[in-house]
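What follows is one structure encoded as structure tokens, with my remarks underneath.
Throughout, a chain's letter reflects where its sequence line sits, starting with A, and its residues are numbered from 1. Predicted model only: the values in this text are computed from it and were never measured.
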Amino acid sequence: MTVYSPPKARVAALFAAAVRHVAPDQAPAIELERPKQESHGDFACNVAMPLGKQLRRNPREVAAEIVAAMPASDLVDRVEIAGPGFINVFLRAQVWREVPAAVLRAGGGFGRVDLGRGEKLQIEFVSANPTGPLHVGHGRGAAYGASLANVLAHAGYDVKREFYVNDAGRQMDILALSTWLRYLALCGEIVPFPANAYQGGYVGTMADGIYALHGERYRRTAADVQAGVPPADEDAEAHLDALIANAKRLLGADYAYLHGYALEEQLGDCRNDLTEFGVCFDTWFSERTLHESGMIERALEQLRKHGHLYTQDGAHWFRSTAFGDEKDRVVQRENGLYTYFAADIAYHLNKFERGFDRVIDVWGADHHGYIPRVKGALAAAGIDAERLVVALVQFAVLYRNGQKASMSTRAGEYVTLRDLRAEVGNDAARFFYVLRKSDQHLDFDLDLAKSQSNDNPVYYIQYAHARICSVLAAWGGVSADLLDADPARLEHPQELALMRRLAEFPDSVAAAARDLAPHIIAYYLRDLAADLHALYNACPFLVDDAPLRDARLCLIDATRAVLSEGLALLGVSAPDKM
RNA sequence: GCCCCCGUAGCUCAGUGGAUAGAGCAUCCCCCUCCUAAGGGGAGGGUCACACGUUCGAUUCGUGUCGGGGGCGCCA
């Protein structure tokens with residue numbers, strides 16, 4: 001596939017050559033910006049100002065020398081020196097007129113750039129505890145991670161998507177216990193249901209399922225279940241842990257079945273939910289396999305061998321303060337159990353053992369304090385911590401009736417991702433989530449999302465796509481024939497504006513990949529749609545003058561292709577009609 | 001107390017070491033005999049929280065103050 005060389009890159013090359021001639025000993029970065037004002041040209045370059053500073057000369061004089069030294073080019077119409085030393089470049093319109101055909105020849109890959117050069121990159125996201133349905137908070141990480149992964153793949157990275165399944169921890173035991181207690185109630189064994197167990201209705205549904213499959217096989221007496229359990233009002237968590245211990249003792253090998261049943265149900269639901277949301281993973285990595293395969297022990301042994309572990313108060317600690325953390329961290333508790341952190345050390349070492357050059361973890365912003373210890377563990381194991389990039393996503397806070405809604409999974413108080421998708425649709429949900437910078441808090445007003453679903457910017461973009469499809473359908477010709485259209489007929493200011501915008505798409509993809517910021521694509525698409533709508537109102541496409549008609553159809557077909565390509569990066573559909 | 005994010009138009013938010021800071025919503029005025037009006041054109045609306053510093057140039061970078069949100073466990 002031919003990668004289109006944008007005018008910006010070609011103009012930058014002209015400047016680089018000129019600067020080498022004017023100042024052979026300096027190597028200033030050539031930065032071109034698209035000026036806000038049309039009178040400042042297609043591109044403005046400020047290189048004369050820092051260069052003037054370095055050479056201790058008047059920037060405008062330096063600019064004049066750069067302009068004089070610029071190689072001749074058929075791209076450039078004229079060059080002006082303005083203000084304190086800007087060099088404004090005005091391109092010949094022909095430059096932009098090449099763009100629509102280049103888009104169509106790229107066959108849906110016009111935005112592809114080779115920023116990544118095939119670097120092997122893993123992106124891990126969502127990784128929600130499989131202890132209940134995904135809620136709208138998880139939705140943001142899912143939409144962000146999936147869109148980012150698409151953007152990075154488009155930018156030339158070899159991307160693998162991974163979900164880390166927390167199937168080994170206490171939360172899963174609490175879920176198994178919660179399910180069992182609901183099941184026991186069906187059997188007539190009434191044990192008071194702890195307030196800090198999982199309250200959601202789905203727990204009862206799983207209990208029903210187990211009862212339907214196995215009758216009273218897992219019944220134990222309420223008295224046995226509560227034997228020796230401290231009262232909940234003294235220490236609610238100890239109460240829960242004692243119930244779990246009793247469950248494991250009373251059920252023996254059957255406990256694993258209940259635990260596994262709850263896990264499979266919730267993980268299956270989660271996978272199903274994400275798939276419907278257009279979010280797919282290459283790998284679902286089980287935390288339990290880290291324990292069972294001895295990977296945790298091996299990882300800790302590796303740290304111990306290099307003197308990064310010590311023992312105190314019966315627990316084993318990682319000296320993370322030696323790597324910039326604010327305090328040392330326990331990896332193996334006094335009771336012999338590994339901490340979640342120990343598993344995470346093994347997991348991250350495993351990621352790099354699998355050959356990834358770079359790993360991106362998408363985490364909720366509440367985990368920011370966790371970064372130094374994980375990076376510290378990598379450094380302690382001799383891995384460059386810079387190869388792990390943690391992309392923090394700020395909270396999505398849900399508002400209902402102007403009130404902040406509770407988002408506790410254990411208390412069963414949340415709006416599920418599934419509910420949200422049903423109410424506003426997958427497209428609007430995907431778009432809404434990435435319309436904000438990831439480090440910006442997202443206020444997700446449910447009522448607004450519902451009531452204004454027709455005003456959601458995603459429809460504005462999809463409408464542009466549908467409008468073009470409608471015109472092309474009315475025309476009834478073959479898209480490939482438009483490649484031969486003479487673009488010289490495109491002279492209207494709105495046509496030129498649209499062609500310029502199309503040329504920016506690869507830059508937007510590159511910027512979104514570089515900054516891990518898929519929202520850049522969303523904003524680009526809105527601008528592109530705006531240019532299309534403006535042109536739609538300014539010029540008829542299906543005119544009698546066939547060469548003009550074909551040139552315009554070529555332009556809007558290219559616009560359709562870029563809208564479709566960009567929306568696909570965000571996981572949003574591009575409908576033919578609305 | 002320490003750490004992270006944020007503070008830009010009435011509201012929700014983009015944006016940039018550069019020239020006259022933008023969009024959507026809301027308000028007001030226009031535009032369908034015409035390919036989808038889920039659209040377009042125009043108007044009003046700003047001390048880019050505040051102060052100091054770096055710089056030829058700061059809304060952008062740094063420090064501090066104020067304000068909002070979040071996090072700091074031998075939980076996961």
_If I pick the C1' atom on B:U59 and the same atom on B:C13, what distance separates them, to the nearest angstrom?_
16 Å

*State whether the distance check finds a donor on one side and an acceptor on the other, under 3.5 Å, for side chain A:Asp366 versus base B:G70.*
no

*Distance only, no hydrogens: is a donor on one side chain within 3.5 Å (strictly under) of an acceptor on the other, for A:Gln462 and A:Asp427?*
yes

*Return the residues of residues 313-324 of chain A meeting this criterion: a heavy atom under 4.0 Å from some atom of RNA chain B. Order them by number, or give none.*
A:Asp313, A:Ala315, A:Trp317

*Output yes when A:Lys351 and A:Glu162 qualify as a salt bridge under the 4.0 Å nitrogen-oxygen rule, no when they do not.*
no

*Answer with yes or no after comparing the ring centroid distance for A:Tyr433 and A:Tyr144 against a 6.0 Å cut-off, counting only values under it.*
no

_Ion pair A:Asp173/A:Arg170, N-O distance below 4.0 Å_ = no

*Is it the case that A:Arg78 places NZ or CZ above or below the six-membered ring of A:Phe90, under 6.0 angstrom from the centre and within 45 degrees of the axis?*
yes

*Counterpart residues, ring-ring contact (aromatic ring centres under 6.0 Å, His included), relative to A:Trp363 (two or more places apart)*: A:Tyr370

*asked:* I'd like to check, for A:His368, whether its ring lies over the base of B:G71 with centroids under 5.5 Å apart and a plane angle smaller than 30°.
replied: no

_Watson-Crick or G-U wobble partner of B:A21, both distances under 3.5 Å_ = none

*asked:* Classify A:Asn58 by what it touches in the nucleic acid, base, sugar-phosphate, or nothing, heavy-atom distance under 4.0 Å.
replied: nothing

_Angle between ring planes, A:Tyr164 versus A:Tyr347, binned at 30° and 60°: parallel, tilted or perpendicular?_
parallel

*Go along nucleotides 40-48 of chain B 5' to 3' and tag each nucleotide: B for a protein heavy atom under 4.0 Å from its base, S when only backbone or sugar atoms are that close, - otherwise.*
SS-------

